[in-house]
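The block underneath contains the structure these notes are about, expressed in structure tokens.
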Amino acid sequence: MGHTATAQAGSGGLTATEHRLANGLRVVLSEDHLTPVAAVCLWYDVGSRHEVKGRTGLAHLFEHLMFQGSKQVHGNGHFELVQGAGGSLNGTTSFERTNYFETMPTHQLELALWLEADRMGSLLAALDDESMENQRDVVKNERRQRYDNVPYGTAFEKLTALAYPEGHPYHHTPIGSMADLDAATLEDARAFFRTYYAPNNAVLSVVGDIDPEKTLAWVEKYFGSIPSHDGKQPPRDGSLPENIGEQLREVVEEDVPARALMAAYRLPEDGTRECDAVDLALTVLGGGESSRLHNRLVRRDQTAVAAGFGLLRLAGAPSLGWLDVKTSGGVEVPQIETAVDEELARFAEEGPTPEEMERAQAQLEREWLDRLSTVAGRADELCRYAVLFGDPQLALTAVERVLDVTADEVRAVAAARLRPDNRAVLVYEPVAAAEGDRPDQEAPADSDTTEQSDDEEGARQ
């Protein structure tokens, strides 16, 4: 089944066609002959929200296992073949999906499609105790290096656990716990693959210097014989009341460079007009050096060295507004918190100025253009809208919905949601660590410089 590639208003002339194989695999193609490269992106509709208690981290662990070989590609062969052909690749896991992607010279596109099909159809042929133990150790070491032994490294984990109540599917983050990683068995991994790594639970996008007819023929050739699977259970309900109803608070005493105030606000779900409005609000308040919080705390008061406010968009649960302020010198957190609340109250009363509104919309438009300007970014966005919202065409017109939001809507959502009784707060207080407890290296908790994984999508700031 296919759809005509007609450029929509606001799409900048970009087009995409949709197709579906008999086994349920959704395919999205988008031609772009500007450069001789093509991007392949495969989103599986599985993330940490699909995990059950006692088996957290399995989605992320399995992302690593997908690079351990398949029936016809042994060991590290996926990396070797792609990089040897002049391409790049990676995979990431979030609350709501797991994705894999390659960017290849055009003449090597067929190789990337064959590789992705081989591991979708035959990974279990190579999955054994040795590869399981190998990648379990890799993920556990990743947790140590990027979370447990890094200043502020567990902040994201602590705040999500506060913002989403016990038992909620988003209560735990994709990295998982050490105990659950240890408890995962080879049969757990095999059952996970059979359930979620099926063509009818995936969207494949191919963007770039492609011949659509030839590309679709390759997709049918390599993916068409992979059987579908109907055993997937829908994710647990992630809905919650609009407001938390109280301020949740935790003080963390750790060996950190400076005091910090971090907070997560419960905000509207992605895909809604209210989410676009709150994105604009957070951009005005904390999106860069021209934002209100940066001007107040860093420039004027000089009580902070950094102040940002970003949005973590989530489709299956309330999104999170992520506030992050690092204090300057001996400044106490209550002083920072008072200033933040003053700025939020003023914004809720007055809303953005016309100049702030124009600047925020231009900033979000530029970010959207940046994502769609590369074949890899466009492939990822097409998959995102197909998996989370059912329609990849929405990726091409997303900015029009942001530009249509009014200043009154921005003020209203800020007044309703950016309140002290609708946030989870972490206060970091520095303590000196024993010499043997100091981390060997530092890395931000939401980064990943390995070839294989980037297990959380950080809030934009």
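All residue numbers in this chain count up from 1 along the given sequence. Below, all heavy atoms of this structure are taken into account, side chains as well, without hydrogens, waters or symmetry copies.
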Salt bridge present between R249 and E337 (N-O < 4.0 angstrom): yes
Gap separating the CD1 atom of I175 from the OH atom of Y147, nearest 0.5 angstrom: 4.5 Å
Intermediate values then yes/no, side chain to side chain donor-acceptor pair (under 3.5 Å), D380 and N99: CA-CA 9 Å; D380 191 60; N99 67 348; 3.0 Å; yes
Side chain R401, main chain L394, donor-acceptor under 3.5 Å: yes
Distance-only donor-acceptor check, side chains E63 and Y100, under 3.5 Å: no
Donor-acceptor contact present, side-chain W368 to main-chain A395, <3.5 Å: yes
Pairwise side-chain contact, V252 with V427, heavy-atom cut-off 4.5 Å (strictly under): no
Criterion side chain to side chain contact (heavy atoms under 4.5 Å, CB included) on R20 and L25, from CA distance to verdict: CA-CA 6 Å; R20 190 183 295 270; L25 178 67; over 6 Å; no
CA sep, side-chain torsions, deciding dist, call: V284, F309, side chain to side chain contact (heavy atoms under 4.5 Å, CB included): CA-CA 9 Å; V284 172; F309 213 168; over 6 Å; no
Flag for D421-N243: side-chain donor and acceptor within less than 3.5 Å: no
Exercise: do Q233 and H50 side chains pair donor with acceptor under 3.5 Å: no
Nearest non-hydrogen partners of F62 and A189, listed with the distance: CE1-O, 3.1 Å
Step-by-step side chain to side chain contact (heavy atoms under 4.5 Å, CB included) determination, V298 to V305: CA-CA 6 Å; V298 180; V305 295; over 6 Å; no
Distance-only side-chain donor-acceptor flag, H74 / E80, under 3.5 Å: no
Pairwise distance CD(E102) to CG(L115) - rounded to 0.5 angstrom: 6.5 Å
Side-chain (R26) to main-chain (A202) donor-acceptor, under 3.5 angstrom: no
Carboxylate-amine/guanidinium contact D32 R378, below 4.0 Å: yes
E246 vs N422 side-chain heavy atoms within contact, under 4.5 Å: no
Pair D279 + R313: basic N to acidic O under 4.0 Å: yes
Ion pair check, K326 and D324, cut-off under 4.0 Å: yes
Basic-acidic side-chain contact under 4.0 Å: R384, E96: no
Polar side chain donor-acceptor pair, S131 to D128, under 3.5 angstrom: yes
Shortest non-hydrogen contact between M104 and A112, atoms and distance: CG-CB, 3.8 Å
Where D270 and C275 come nearest, the two heavy atoms and their spacing: CA-SG, 3.7 Å
Working for side chain to side chain contact (heavy atoms under 4.5 Å, CB included), residues L396 and L382: CA-CA 8 Å; L396 305 181; L382 290 169; 4.3 Å; yes
Closest heavy-atom pair and its distance - D188, R55: OD2-NE, 2.6 Å
Parallel, tilted or perpendicular: ring planes of F193 versus Y197, cut at 30 and 60 degrees: parallel
Residue pair N200 / D230, side-chain heavy-atom distance below 4.5 Å: yes
Salt bridge R97-D45, side-chain N to carboxylate O under 4.0 Å: no
Centroid separation Y170 to F95 less than 6.0 Å: yes
Within-4.5 Å side-chain heavy-atom neighbours: L240 and P165: yes
Sidechain-backbone polar pair: E269 side chain, G316 backbone, donor-acceptor under 3.5 Å: no
Side chains of E254 and E429 in contact at under 4.5 Å (non-hydrogen atoms): no
Greater than 12 external heavy atoms within 6.0 Å of E242's CD: no
Rounded distance (nearest 0.5 Å) linking atom CG of L314 with atom OG of S319: 5.0 Å
Main-chain N/O of R119 paired to S122 side chain as donor or acceptor, under 3.5 Å: no
Residues, nucleotides or ligands: over 12 heavy atoms within 6.0 Å of E130 CD: no
Minimal non-hydrogen separation, A379 against S205, with atom names: O-OG, 2.8 Å
Aromatic plane relationship, H168 with Y164 - under 30° parallel, 30 to 60° tilted, over 60° perpendicular: parallel
Backbone of L124 reached by a side-chain donor or acceptor of R190 within 3.5 Å: no
Note, L204 side chain near E116 side chain (heavy atom, < 4.5 Å): no
Rounded distance (nearest 0.5 Å) linking atom OG1 of T173 with atom CG of L159: 11.0 Å
Distance (rounded to the nearest 0.5 Å) between L280 CG and E409 CD: 9.5 Å
V27 and E18, any side-chain heavy atoms less than 4.5 Å apart: no
Modelled atom types, side-chain donor and acceptor of T56 and D180, under 3.5 Å: yes
Pair F156 and W322, ring centroids less than 6.0 Å apart: yes
K140/D148 ion pair, N-O < 4.0 Å: no
CG-OH distance between L418 and Y265, expressed to the nearest 0.5 angstrom: 6.5 Å
Test item: side-chain donor near acceptor, D118 and S70, under 3.5 Å: yes
Under 3.5 Å donor-acceptor, E51 side chain and A59 backbone: yes
Side-chain donor or acceptor of R236 paired with backbone N/O of G167 under 3.5 Å: yes
Parallel, tilted or perpendicular: rings of Y152 and Y428 (30°, 60°): perpendicular
Pairwise side-chain contact, Q72 with W114, heavy-atom cut-off 4.5 Å (strictly under): yes
R423/D341 ion pair, N-O < 4.0 Å: yes
Under 3.5 Å donor-acceptor, T327 side chain and R259 backbone: yes
Donor-acceptor pair, side chain of H171 and main chain of A161, under 3.5 angstrom: yes
Trace of the side chain to side chain donor-acceptor pair (under 3.5 Å) decision for E142 with H64: CA-CA 11 Å; E142 180 182 331; H64 283 255; 3.3 Å; yes
Minimum heavy-atom distance between L320 and A163, given as atom pair plus value: CD2-CB, 4.0 Å
